Amino acid sequence: MQRYFGRIVEKQVILDESDQYHLVKVMRAKVGEQVEVVCEGKLFLAAVASVKPLKITTIAQIKENNELKNDVVLIASLLKGDKLDLVLQKATELGVEEIVLLQSERSIAKIRNLDKDFKLERFNRIVKEAAEQSKRTRLPLLYRIIKMDQLPEIDADVKLMAYEGEQGATSSFLSAIKSVKSGQRIAVLIGPEGGFSVDEVNEAKEYGYQTVSLGKRILRAETASFYALSVLAAHLERK
Ligand code: SAM
């Protein structure tokens, strides 16, 4: 069943234009067709009451929680081309609560201020589609593009920096994850194609970040995000 993120006002479902188009033109919805709608973290079963004009009314709230037990924020360095699109999509599927974009020293991709709103809008569309596809009951936040010296603005109890210079055993990564307590927010910081500079590592450490290894091989930045978030999600959902 198709899931949308929308608003609900007195049992009437309000979808954004692209979702309305998708439901009517792509899904060719008929009167009576049922859809799932997420509004403010709550999931509802709804039905199409009319197609022209489109009217959708809620039937019942559904108890479901597909979210991770702990909030996870991915701090992802900007990447070239569609690699960042993939990171946004997979991070959303893997349950992050927020994605923060980092303009790091060696980020090849740059987002200038005049592009920021346009790019963030496109990035949020990717996140929304991934959240609908993966049956999330919460849309990850994505509104910040920061520089290293703004790291302290990111609220987190456990701060992990995947650093290629730590190549080797993953014990520090795994023990950091295993010591996560209920209610703690976990930040995972991933570098760009060119990696982190020593200055960036020292700066992150000053902000309380612990450098961890993701194994003996050098992973592409996008792979490193998938790897770190997969291990983290698997642990948080082990029971
Ligand atoms: N240019 C760097 C080099 O050749 O050493 C590699 C950077 S890697 C492509 C991009 C990012 O992925 C790194 O900054 C780090 O955050 C993460 N990463 C990749 N492999 C890793 C590993 N084995 N351990 C920890 N982090 C890793």
Side-chain angles (χ1 to χ4, degrees), residues 68 70-111 119 123 126-127 130 140-142 144-180 185-236:
L68 294 177
N70 290 73
D71 283 348
V72 175
V73 49
L74 172 68
I75 305 166
S77 296
L78 293 177
L79 299 174
K80 253 179 92 53
D82 60 3
K83 288 183 284 190
L84 189 61
D85 295 3
L86 207 56
V87 169
L88 301 179
Q89 184 187 64
K90 301 313 170 195
T92 300
E93 292 173 55
L94 289 166
V96 296
E97 178 257 346
E98 180 177 6
I99 301 167
V100 176
L101 300 178
L102 174 70
Q103 189 96 53
S104 55
E105 252 174 66
R106 298 177 187 166
S107 282
I108 306 166
K110 300 273 183 253
I111 293 187
K119 294 256 174 139
F123 291 156
I126 294 170
V127 166
L141 294 171
L142 170 53
R144 298 194 261 196
I145 303 174
I146 65 167
K147 292 203 183 327
M148 209 60 177
D149 62 2
Q150 293 173 277
L151 263 187
E153 294 170 17
I154 312 300
D155 171 39
D157 305 290
V158 178
K159 301 172 181 175
L160 305 175
M161 175 184 215
Y163 178 43
E164 60 280 16
E166 296 277 346
Q167 253 176 301
T170 57
S171 46
S172 57
F173 179 47
L174 293 175
S175 50
I177 290 177
K178 284 195 184 108
S179 63
V180 165
R185 192 169 197 247
I186 306 144
V188 178
L189 174 58
I190 304 284
E193 296 93 340
F196 284 120
S197 69
V198 172
D199 287 351
E200 286 179 317
V201 174
N202 293 335
E203 187 174 359
K205 283 181 176 174
E206 275 170 33
Y207 301 143
Y209 279 76
Q210 171 193 349
T211 51
V212 292
S213 163
L214 301 183
K216 295 191 180 102
R217 294 162 303 288
I218 292 291
L219 309 175
R220 287 177 184 274
E222 57 274 28
T223 313
S225 291
F226 308 156
Y227 177 110
L229 292 176
S230 298
V231 171
L232 189 48
H235 176 75
L236 294 175

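These numbers were taken from a predicted model, which means no experiment stands behind them. Whatever order the structure lists ligands and atoms in, that order sets their numbers, starting from 1.
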Could you check L101 against L142 for side-chain contact (heavy atoms from CB on, under 4.5 Å), going step by step and ending with a plain yes or no? CA-CA 8 Å; L101 300 178; L142 170 53; 4.0 Å; yes

Would I190 and V87 count as a side-chain contact (heavy atoms from CB on, under 4.5 Å) here? Give the steps. CA-CA 11 Å; I190 304 284; V87 169; over 6 Å; no

Evaluation steps, salt bridge (charged side-chain N to carboxylate O under 4.0 Å, His left out), between E98 and R185: CA-CA 10 Å; E98 180 177 6; R185 192 169 197 247; 2.7 Å; yes

In Å, rounded to the nearest 0.5 Å, how long is the span from CG of L174 to OG of S179? 11.0 Å

Can you run down the salt bridge (Lys or Arg N to Asp or Glu O under 4.0 Å) pairs that involve residues 193-202, sequence neighbours left out, and say none if there aren't any? K83-E193

Tabulate distances under 3.5 Å between N/O atoms of ligand 1 and N/O atoms of the protein, writing both atom names on each line.
from	atom 1	to	atom 2	distance (Å)
ligand 1	1 (N)	E193	O	3.2
ligand 1	1 (N)	G194	O	3.4
ligand 1	14 (O)	E164	OE1	2.8
ligand 1	16 (O)	A162	O	2.6
ligand 1	16 (O)	G191	N	2.9
ligand 1	20 (N)	L219	N	2.9
ligand 1	23 (N)	G215	O	3.0
ligand 1	23 (N)	R217	O	2.7
ligand 1	24 (N)	L214	N	2.8
ligand 1	26 (N)	Y163	N	3.4

For R220, is the CZ atom crowded, meaning more than 12 foreign heavy atoms sit under 6.0 Å from it? no

